[in-house]
Protein chains: 2
Amino acid sequence: MLKKIGELSLKTGVHIETIRYYERLRLIPKPGRSEAGHRVYSESHAKRLSFIRRCRGLDFSLAEIRYLLQTAEADNPSCADVEKFSKKHLDLIRAKIRDLRKMEKTMKTLLSECQGNRALGCPLIDVLYEG
Amino acid sequence: MLKKIGELSLKTGVHIETIRYYERLRLIPKPGRSEAGHRVYSESHAKRLSFIRRCRGLDFSLAEIRYLLQTAEADNPSCADVEKFSKKHLDLIRAKIRDLRKMEKTMKTLLSECQGNRALGCPLIDVLYEG
DNA sequence: TATAAAACCTGTAGCTACTACAGCTACAAG
DNA sequence: CTTGTAGCTGTAGTAGCTACAGGTTTTATA
């Protein structure tokens, strides 16, 4: 049941150093300690840590996760708030996708200039450099 | 013709502090100085800086840009090398897009759980927290 | 011409989210 | 009894800026 940091790391997929880092930031509560001073975690730590990891996987910032954790562990979390919050986040993700798609397009165009055309320097660089 | 840092910033769209930062990193050569010690830039600085900015806009790292600059200013830049380099970068952009699309999908699913279902806590958080 | 505002200078510290040491102790296996 | 693994603390490094503090210089206005 109770775990040391290595097991917790394996179970949750969060690096040991990162777990300690989250503790410093108070994203997870201070665990108990064994006699030798080793951290001892309970199931609730594992849950919280997995939550954080899932949120990170969705590109939420640690500040955002702090808010989500508060909400998740509140007595009556306001679903409406979370929804609004998450919609904004979804918009952000979509904006990032749009930006990257633009880059992809430009890169593709630049690369197509490259084809065959190798006699006089690099057209790709020329376009970027001469503007 | 010769510009002070403010004008260069306006012309290239790179923040003043960033220009000085790039100088520290030797991404742009040290400019001349006026009598009072103010930086004085030439057209070649502007060109180089714009190149950096365009590359940043394509998500190239400063280390990558360093390489591209070297190549761009070499006597006979190897187009084949640049092409290979850029293809790898394009792959990276595409990988990022894929990741973000996955996130987008997940977020959409999570948000759809939210609809209407507000009586018993927040399903979005439940999935992340209990999942 | 006086003065105030804007622009410049250097140097340092802060941001995000980790990651990587150095240098130590604890503990289990052979 | 030694060796290896796992844990500990504390600090510094990473990328790419950004934001001061505390000073000088230039420029615009009264």
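Note: hydrogens, waters and symmetry copies are ignored here, and every other heavy atom, side chains too, is used.
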- Task: Would you mind telling me which residue lines up with the more 5' stretch of DNA chain D, B:Ala36 or B:Ala63, judged by nearest nucleotide?
- Result: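 Nearest-nucleotide comparison on DNA chain D picks B:Ala63.
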- Task: Map B:Arg56 and B:His38 onto DNA chain D by nearest heavy atom, then report which one ends up closer to the 5' terminus.
- Result: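 Comparing both residues, the 5'-ward one is B:Arg56.
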- Along DNA chain D, first and last positions that approach a heavy atom of chain B under 4.0 Å: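 Reading along DNA chain D, I get D:dG16 to D:dT26.
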Determine whether a donor-acceptor pair (N or O, by modelled atom type, separation under 3.5 Å) exists between the side chain of [X] and the backbone of [Y].
{"X": "A:His89", "Y": "A:Leu58", "value": "yes"}
{"X": "A:Thr18", "Y": "A:Val14", "value": "no"}
{"X": "A:Arg48", "Y": "B:Tyr129", "value": "no"}

Separation of [N] [atom2] from [X] [atom1] (nearest whole Å):
{"X": "A:Ile19", "N": "C:dA17", "atom1": "CD1", "atom2": "C1'", "answer": "15 Å"}
{"X": "A:Ile16", "N": "C:dT19", "atom1": "CD1", "atom2": "P", "answer": "12 Å"}
{"X": "A:Arg24", "N": "C:dT19", "atom1": "CZ", "atom2": "P", "answer": "13 Å"}
{"X": "A:Leu27", "N": "C:dA17", "atom1": "CG", "atom2": "C1'", "answer": "11 Å"}
{"X": "B:Leu2", "N": "C:dC8", "atom1": "CG", "atom2": "C1'", "answer": "17 Å"}

- Compare the minimum distances between each of C:dA20, C:dA17, C:dA26 and the side chain of A:Glu17, then state the nucleotide with the smallest one.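 Among the listed nucleotides, the one closest to the side chain of A:Glu17 is C:dA20.
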- Message: Counting only side-chain heavy atoms from C-beta out, which of C:dC9, C:dT19, C:dA26 sits nearest to A:His15?
- Response: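 The nucleotide sitting nearest to the side chain is C:dT19.
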- Is a salt bridge present between B:Arg94 and A:Glu104, judged by a nitrogen-to-oxygen distance below 4.0 Å?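 A salt bridge links B:Arg94 with A:Glu104.
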- Carboxylate-amine/guanidinium contact A:Lys47 A:Glu43, below 4.0 Å: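 Not counted as a salt bridge, because no side-chain N and carboxylate O are separated by less than 4.0 Å.
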Would you say a side-chain N or O of [X] is under 4.0 Å from OP1 or OP2 of [N]?
{"X": "A:Ser34", "N": "C:dA26", "answer": "no"}
{"X": "B:Arg39", "N": "C:dC8", "answer": "no"}
{"X": "B:Arg20", "N": "C:dC9", "answer": "yes"}
{"X": "A:Arg53", "N": "C:dC18", "answer": "no"}

- Query: More than 12 foreign heavy atoms under 6.0 Å from CZ of A:Arg26: is that the case here?
  - Reply: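 Counting other residues, nucleotides and ligands, CZ of A:Arg26 stays at 12 neighbours or fewer.
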- With a non-hydrogen cut-off below 4.0 angstrom, is B:Leu25 in contact with a base, only sugar-phosphate, or nothing?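 Result for B:Leu25 = nothing.
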- Message: Heavy atoms only, 4.0 Å cut-off, all strands: where does A:Tyr22 land among base, sugar-phosphate and nothing?
- Response: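 Result for A:Tyr22 = sugar-phosphate.
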- Item | Side-chain H-bond candidate by donor/acceptor type, A:Tyr41 with A:Glu7, under 3.5 Å |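 There is no such pair (donor and acceptor under 3.5 Å, judged by atom type) between the side chains of A:Tyr41 and A:Glu7.
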